[in-house]
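The structure under discussion appears below in the form of structure tokens.
Every heavy atom of this structure was used, including side-chain atoms; hydrogens, water molecules and symmetry mates were not. Throughout, a chain's letter reflects where its sequence line sits, starting with A, and its residues are numbered from 1.
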Amino acid sequence: MKKGDHLFLVDGSGYIFRAYHALPPLTRKSDGLPVGAVAGFCNMLWKLMQDARNTDVGVVPTHFAVIFDYSAKTFRNEMYPEYKANRSAPPDDLIPQFGLIRQATRAFDLPCLEIEGFEADDLIATYARLACEAGADTTIISSDKDLMQLVGPTVSMYDPMKDREIKVPEVIEKWGVPPEKMIDLQALTGDSIDNVPGVPGIGPKTAAQLLEQFGDLDTLLARASEIKQNKRRESIIEHAEKARISRELVRLKHDVPVPEGLDDLVLQPPNGPKLIGFLKAMEFSTLTRRVAEATGADAAAIEAMPVAVEFDGKAHGPDLDAGDAAQPAPAGPAGEAASGPQAMTPAALVTARAEAAAANPIDRTAYVTIRDLATLEAWLADARETGILSIDTETTSLFPMEAELVGFSIATRPGKAAYVPLSHRNGKGDLLGGGELIEGQIPFHDALAVLKPVLADRSVLKVGQNIKYDWVLLYRLGLPMAPLDDTMLISYVLDGGSSSGNTGGHGMDKLSERWLGHIPIPYKDVAGSGKSQITFDMVDIDRATAYAAEDADVALRLWQVLKPRLVADGLTAVYERLERPLIDVIGRMERRGIAVDRQILSRLSGDFAQSAAALEDEIYQLAGERFNIGSPKQLGDILFGKMGFAGATKTATGQWSTSARILEDLAAEGHELPRKIVDWRQLTKLKSTYTDALPGYINRDTKRVHTCYSMASTSTGRLSSSEPNLQNIPIRTAEGRKIRTAFVAEPGHKLISADYSQIELRVLAHVADIPQLRQAFADGIDIHAMTASEMFSVPVEGMPSEVRRRAKAINFGIIYGISAFGLANQLSIPREEAGAYIRKYFERFPGIRDYMDATKATARDKGFVETIFGRRAHYPEIRSSNPQVRAFNERAAINAPIQGSAADIIRRAMVRIEAALADAGLDDVEMLLQVHDELIFEAPEGQVEKAIPVIRQVMEHAAMPAVSMRVPLHVDARAADNWDEAH
DNA sequence: GTGGTCTCCTA
DNA sequence: GTAGGAGACCACA
């Protein structure tokens, strides 16, 4: 940059907010994406650049940059934590526009600058200083008073919305002080919007007058006692320190370490086609035409560019990784490098990756065992080179909270994989294990010390299959890992639904077979199975290398094949918003676990055992013989054979059915035996599944129970919990509830339970857009009573409970893809009667039938259905010629968007809640469990009252801004010493 | 020992 | 009628 050059600096962030509030709202025609601020921004930039080229008016920029705030947190927060603390979140329809405006800037071929920790204003101050030193002039495109301190002989401001220049005279006219005194003036007046305190009672007029009188702030504060007005004097003396802090807050930083020098900001000639591509994608037809005219481009021949919407939620078009600073560019396999992934369409990239996978078969002989630090370091250096590290840990247990690390495998490029054994032992130990450490392994802590920085390096993407396991394990060993990608979760997003099966559908062996045409070594083959199974530390190192390195290699290859499919299928947003950010959130929940009181469980076990034994005697008495009550076969013979009870039905395999339902019916007829069997079953169930089993899951180190959540084993997007399953802890009966009292908070803490009320019915009301349901939820009235009232024309007041019960069953039936058969079963009524109810229901709520028909049609056409956030559930068998299979898939397809949308909503809440709690200063409030529509937290007693509203706020607004629900979400939250009382 | 069936716990 | 996990039993190997 040289003398005579002219730098234009656009205050991008400032402009966004101003344009948003000043301009009428505008949405993209085709899909309702809000783009008002984007439109204003593009028009402004184009006008600026046009004016600049019409050399007879205005000044001509030679250098140009658009500058943004990186985030709300800056160095000023360290000086003064309350700075900008009362800023509310931006409006929901503005959020997606932030990313779009950055993309617009790039489409204009303009530098788009932002630096973490600094405000846009600081960058502007820095560049203005640099330009000044180079002898050039600067025009700041903004009207923000915070920037006026920069105005001077070579720096002016320009307000694009009012077409007005701001130079020294304008500043004096507006504020009564020259630009160089603006800092002192703002220090006195403060700023309620940014939460700069200032001196109470001092406004701009008074401040200007005082500065006129005393010259500057320091003099004023030193001689404050001379001020005549009593109130003013006292206020200034009392708040002198606040004024000083305020001065530092408003003073812009002129020496930000900017990565781009001035010479990087040289204004380039306009790239018409690129800009038109973007404008077309935004559907700005007028500006598209103008740009085409001005640049001589043929707009009709230019395609709309795929625009990544950094939208919090459902993708509007392919959500490329453009906005994801955390994620390094995917490393392409050889052969693709010539064109580079960016130059290929998503579909072409998918094809290329699949072909590369097929052409590059897996060769286990190429895997190496790393036995010294230098080699390990060289491999990790390669990972920094490629920006990607596939990793897999080998351990002694499936539970990451108690597993011991035996070794780990890594892969940096397809085919380039290695295993690092750490604690393999020989078989010389006694029966308790033991054995001696085998030689030729890197010392445990040395290897981890070398691995640690790479795992923490945000420029190296860590890829794995079910990487949450490795994350939890490695975190326990003091090795945090980020960022993460998980091939299992990518597959889950791409191919979720019944097509993938409920178990192992996204397991590595299946994925490898499907996508790479390769069957990896089964775990059984290296460690055996059953009684003869050995722990991995006993596996021969050569065999372990083949197995483990292959896993890392396969995961890397799968990642290469699957990741581009996210973009091609428009599922990036689902993965980025609902899966990826949840990995470490759930990882932390698993790590925390929950305290379970062993004494309570043990006492309950005793109680249950005693009651069950008493029942057993009575049952034998009534039956006239001893038999195994727990055997449905024997029980059926006794009840329906020997004793000849009526009403027997057969199960699918021709056995007598002894389900609770049948036994209850018999009991209702006055038979004593079936009643006692039902009670016995309940007690033994509670004992064996809960009170006996749970203590075995208490971790010996943490003394807590750490369930394992699976993020990819349901067809709808729900989580599942296992080992132990904490999502089916009893609640229905008084006896069962007692088990919940054993789930307790630590001393000095409380458990908080927050659950969504009727979330699935609310989702139904939203997606099917049913006026009566929406109204009922808006009014907060009893939804089942309302349904009954509509259906049976009875007033809600004084409604018999049986009527409400039936309506409730129908409401649930609707969510489950109702059938007359199922409803008849549920209500124990004839199928004809159930059918009549359903017809009646559809008469009253025709929108629901429309929704169901539309959902079935979509599922048939596309093979999948979608949640409101775009998660897909595949049901290919809905086209089956078997009517039973078809009907089942139809019901599942109807249920999936409802259950799945609710699951997505709570996932979104979970992703956000930690930050929300931290922002509220509640870092010690910890999320422990998720039970589909409920979240359990543990909080220090003193923080409970503050935490509950934060939790509710996040949960109730979790769908926003991606989806604005037509019905409110409602969350009930309560705190207590144990889970029973909290729920 | 493994896998299927039945039953029952949850949302 | 949807979505799960788990324990007990029992027939099979």
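- In summary, the side chains of A:Arg891 and A:Tyr816 do not present any donor paired with an acceptor at a separation below 3.5 Å, with no hydrogens or angles considered.
- For A:Asn825 and C:dT2, the CG to P distance is 11 Å, given to the nearest whole Å.
- Among the protein residues, A:Gly813 comes within range of the nucleic acid bases, having at least one heavy atom under 4.0 Å from a base atom.
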Short heteroatom pairs, N/O only, protein and nucleotides 11-13 of chain C, under 3.5 Å:
none

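- Among the protein residues, A:Ser720 comes within range of the sugar-phosphate backbone only, with heavy atoms under 4.0 Å from sugar or phosphate atoms but none that close to a base.
- Between A:Asn628 and C:dC9 there is a side-chain N or O to OP1 or OP2 distance below 4.0 Å.
- In this structure, a donor-acceptor pair under 3.5 Å is absent between the side chains of A:Gln727 and A:Ser720.
- The interatomic distance linking A:Ile759 (CD1) with C:dT2 (C1') rounds to 16 Å, in whole Å.
- When heavy atoms are screened at a 4.0 angstrom cut-off, A:Ala809 is found touching base atoms of the nucleic acid.
- Contacts of A:Ile818 with the nucleic acid, taken as non-hydrogen atoms under 4.0 Å apart, include base atoms.
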request  = Could you please spell out the steps behind the side chain to side chain donor-acceptor pair (under 3.5 Å) verdict for A:Thr651 and A:Ser657?
outcome  = CA-CA 5 Å; A:Thr651 66; A:Ser657 170; over 6 Å; no
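- Phosphate contact (OP1/OP2 of C:dG4, side-chain N/O of A:Ser721, threshold under 4.0 Å): absent.
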key: Annotated protein contacts, base or backbone, on nucleotides 6-11 of chain B with a non-hydrogen cut-off under 4.0 Å, one of B, S, - each   = SSBBSB
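- Taking 4.0 angstrom as the limit, A:Ser715 places a side-chain polar atom (N or O) nearer than this to OP1 or OP2 of C:dG4.
- Scanning residues 845-860 of chain A for heavy-atom distances under 4.0 Å to DNA chain B yields an empty list.
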